[in-house]
Engineer: 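Would you mind keeping the following structure in view while I ask a few things?
When a residue number appears, it is its place in the shown sequence, counting from 1. Please read these numbers as outputs of a predicted model, since none were measured by experiment.
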Amino acid sequence: MKSITVADIMNLDVMKGCRLAAGEKGLSKEVRYINVYDNPLSETDQEIQAFPGEISLTFFYHGKDNPDYLYDTLNLLITRHAAALIVFDEYFKEMPLEFRARCDQAALPLIFVDRKVPYSLLISSIIEYRVQAEQRKHIADKLSAIASPRTSAEEKMRLTTDLHNGFQNNVVVLFAVEPGGDREDRTFSAETLNLCGAISRDPHFFAAEYNGGVLVILSYSDHRLSDVHDSVKNSIHVIHNYLPDAAIGISDQCHLSELGTAITQSCTVLQAGSLSPGTDSAYGDLGVTRMLLELSNTSALENFYQDILGPIKKHDQENNGQLLETMLCFSSCGMNYKKTANAMFLHENTIRYRIAKLKELIPYGKSDIDLYETISITAKIHHIKQG
């Protein structure tokens, strides 16, 4: 999970209406703590030990008739590698051009907020946000350890119990991810947090941010196994109420002692890369893709993939062609020429010509069965790599 940045702080409710006046390049700086500068600077200020990542708050009262105070404070903050400078706009609605230029040069965000916002509210909101983020990271770390093959069975059970003491003997895990953006750098929305709260209302269910998405753990007693199918279906509905575009991977039903396996399965479904936004799929439906995912980091699979795609990509580059696009579409349409033609808005004979060309270029087998198997496997590998 990513660190808390200045950009994250600017999205807090307490910062509503804030204005970035300079230092835009520093919005990705990590925020570690808060300090207040509303006293005259002294030698003591220079001697105080400071650490990078400080959010500095000020009204700049002592600078309203003393430009040197403004620049001395700015120099101190730059020297200390502060994360940002927040100015309450009672005495200053804007800073001098040179001041802003130095903020830009040092990538120090200069942010104006309404003078009516209390110091205490701003400070407590930032601290609370950091604490919540650290708690979420702690939970995500536990989930990663439970899913890790390097963690012992005994430690996994201890972490599972520590994670949530309401789990029952059987679990199904759902992993939901919204499309777009870098999952590692994703800032979670209010909808995501509300979803986690909605799922966790059931004392036997648990939801948390994980790996750029939301991990939902549903648990059932041995006597409630007949409810699993409807319960999973209802949980998918709840997820899509909050995150309509999320793709959802669903694990097999596992014993609680195999929670790590269930977590891995739910994530594996999305790694297959074939789910569209707003859809869901189960691990048990992956078929041969499960094996391909196991082999995804091996040289044998990579060599196979390059042997197939190399000649196709070369042909497309030299002829401004669309053989690769046609092959992927043909696979997704179940090797049906008519469906592929309709999907690509082309004549069916054009598709037949292109598939015949693919057969010439693909080095594995010459029968139609060989061709279809190779196209299907190659398309699956391609989706895995793109996912």
Engineer: Go through the steps for I250 and S281 under the test side chain to side chain contact (heavy atoms under 4.5 Å, CB included), then give the verdict.
Structural biologist: CA-CA 6 Å; I250 308 164; S281 184; over 6 Å; no
Engineer: To the closest 0.5 Å, what do you measure between CD1 (I34) and CD (E54)?
Structural biologist: 10.0 Å
Engineer: Taking atom NZ as the centre, does K339 end up with more than 12 heavy-atom neighbours from other residues, nucleotides or ligands that are less than 6.0 angstrom away?
Structural biologist: no
Engineer: One pair to check against side chain to side chain donor-acceptor pair (under 3.5 Å): D370 and S367. What are the steps and the verdict?
Structural biologist: CA-CA 5 Å; D370 291 334; S367 72; 3.1 Å; yes
Engineer: Which residues pass the side-chain hydrogen bond (donor to acceptor under 3.5 Å, both in side chains) test with Y91, sequence neighbours left out?
Structural biologist: none
Engineer: Please check if the side chain of R80 supplies one atom and the backbone of N75 the other of a donor-acceptor pair under 3.5 Å.
Structural biologist: no
Engineer: Might you work through the side chain to side chain contact (heavy atoms under 4.5 Å, CB included) test for I4 and E30, ending with a clear yes or no?
Structural biologist: CA-CA 6 Å; I4 302 306; E30 182 179 2; 5.6 Å; no
Engineer: Just distance, no hydrogens or angles: give the donor-acceptor pairs under 3.5 Å from side chains in residues 104-117, sequence neighbours left out.
Structural biologist:
from, atom 1, to, atom 2, distance (Å)
D104, OD1, G23, N, 2.6
D114, OD1, K116, N, 2.8

Engineer: So, does N320 use its side chain to make a donor-acceptor pair with the main chain of D316 at under 3.5 Å?
Structural biologist: no
Engineer: So do Y33 and I126 actually touch side chain to side chain, heavy atoms under 4.5 Å?
Structural biologist: no
Engineer: Taking C-beta and beyond as the side chain, do V173 and V216 meet within less than 4.5 Å on heavy atoms?
Structural biologist: no
Engineer: For the pair R354 (side chain) and T326 (backbone), establish whether a donor and an acceptor sit closer than 3.5 Å, ignoring hydrogens and angles.
Structural biologist: no
Engineer: With a 4.0 Å cut-off, would you call D89 and R19 a salt bridge?
Structural biologist: no
Engineer: What's the separation between atom NZ in K64 and atom CG in N66, rounded to the nearest 0.5 Å?
Structural biologist: 10.5 Å
Engineer: Do you know the tightest heavy-atom contact between V269 and A282?
Structural biologist: CG2-C, 3.9 Å
Engineer: A side-chain contact here means heavy atoms from C-beta on lying under 4.5 Å apart; do L85 and F60 qualify?
Structural biologist: yes
Engineer: Do the side chains of I375 and I308 get nearer than 4.5 Å, heavy atoms only?
Structural biologist: no
Engineer: Below 4.5 Å, heavy atoms only, C-beta onward: do P96 and Y71 meet side chain to side chain?
Structural biologist: yes
Engineer: Should the heavy atoms of other residues, nucleotides or ligands under 6.0 Å from CG of D13 be counted, would the total exceed 12?
Structural biologist: no
Engineer: So, E134 and R136, do they make that salt bridge, N to O below 4.0 Å?
Structural biologist: no
Engineer: Within the 4.5 Å heavy-atom criterion, are I146 and T160 side-chain neighbours or not?
Structural biologist: yes
Engineer: Does anything in residues 334-359 form a ring-ring contact (aromatic ring centres under 6.0 Å, His included)? List the pairs, not counting sequence neighbours.
Structural biologist: F330-Y337
Engineer: Pairing donors with acceptors under 3.5 angstrom, does anything connect the side chains of H223 and S221?
Structural biologist: no
Engineer: What about L121 and V131, same hydrophobic cluster or not, with Ile/Leu/Val/Met/Phe/Trp/Tyr joined at side-chain heavy-atom distances under 4.5 Å?
Structural biologist: yes
Engineer: If only atom types and distance count, is the side chain of S376 paired as donor or acceptor with the main-chain N or O of Y372 below 3.5 Å?
Structural biologist: no
Engineer: Would you call E348-K338 a salt bridge at under 4.0 Å N-O?
Structural biologist: no
Engineer: Inspect the surroundings of NE2 in H138 and state if more than 12 heavy atoms from other residues, nucleotides or ligands are less than 6.0 Å away.
Structural biologist: no
Engineer: Roughly how far, to the nearest 0.5 Å, is the CD atom of Q317 from the CG atom of L324?
Structural biologist: 10.5 Å
Engineer: How would you list, by chain and number, every residue that makes a side-chain contact (heavy atoms from CB on, under 4.5 Å) with D222, sequence neighbours excluded?
Structural biologist: N169, N170
Engineer: Ignoring hydrogens, what is the shortest heavy-atom contact between G284 and D252? Give both atom names and the distance.
Structural biologist: N-OD1, 3.6 Å
Engineer: For P203, is there any backbone N or O sitting under 3.5 Å from a side-chain donor or acceptor partner on H164?
Structural biologist: yes
Engineer: Just by distance, no angles: are the side chains of S144 and D141 close enough, under 3.5 Å, to form a donor-acceptor pair?
Structural biologist: no
Engineer: Run the side chain to side chain contact (heavy atoms under 4.5 Å, CB included) check on Y37 and L76 step by step: do they pass?
Structural biologist: CA-CA 11 Å; Y37 289 87; L76 180 64; 3.8 Å; yes
Engineer: If you take all heavy atoms of R100 and M95, which pair is closest and at what distance?
Structural biologist: NE-O, 2.9 Å
Engineer: Test of understanding: with side-chain hydrogen bond (donor to acceptor under 3.5 Å, both in side chains), list the residues that count as partners of E155, not counting sequence neighbours.
Structural biologist: R158
Engineer: Under the side chain to side chain contact (heavy atoms under 4.5 Å, CB included) criterion, do T5 and L27 qualify, and how do the steps go?
Structural biologist: CA-CA 7 Å; T5 67; L27 290 177; over 6 Å; no
Engineer: Within a reach of under 6.0 Å around CD of E90, are more than 12 heavy atoms found that belong to other residues, nucleotides or ligands?
Structural biologist: yes
Engineer: Give the minimum heavy-atom separation between S219 and H204, together with the two atoms involved.
Structural biologist: OG-O, 2.5 Å
Engineer: Would you indicate whether the side-chain heavy atoms of T58 and T73 approach each other to under 4.5 Å?
Structural biologist: no
Engineer: Would you say the side chain of S266 lies within less than 4.5 Å of the side chain of L174, judging by non-hydrogen atoms?
Structural biologist: no
Engineer: Can you give the donor-acceptor pairs under 3.5 Å from side chains of residues 229-243 to other protein atoms, not counting sequence neighbours?
Structural biologist:
from, atom 1, to, atom 2, distance (Å)
S231, OG, Y220, OH, 2.8
S235, OG, S231, O, 3.0
H240, NE2, A246, O, 3.0

Engineer: Let me confirm one number: the NZ-CD distance from K156 to E258, rounded to the nearest 0.5 Å.
Structural biologist: 9.5 Å
Engineer: Search all heavy atoms of L358 against all heavy atoms of M327 and return the closest pair with its distance.
Structural biologist: CD1-CB, 3.7 Å
Engineer: Relative to the ring of F59, is the ring of F88 parallel (under 30°), tilted (30 to 60°) or perpendicular (over 60°)?
Structural biologist: parallel
Engineer: Looking at CD of Q253 and CG of L218, how far apart are the two atoms once the value is rounded to the nearest 0.5 Å?
Structural biologist: 11.0 Å
Engineer: I'd like to know if the side chain of N35 pairs up with that of S56 as donor and acceptor (distance under 3.5 Å, no hydrogens or angles considered).
Structural biologist: no
Engineer: Return the minimal non-hydrogen interatomic distance between C254 and A262, and the atom names on each side.
Structural biologist: SG-CB, 4.0 Å
Engineer: From E94 CD over to F99 CZ, what is the distance, rounded to the nearest 0.5 angstrom?
Structural biologist: 10.5 Å
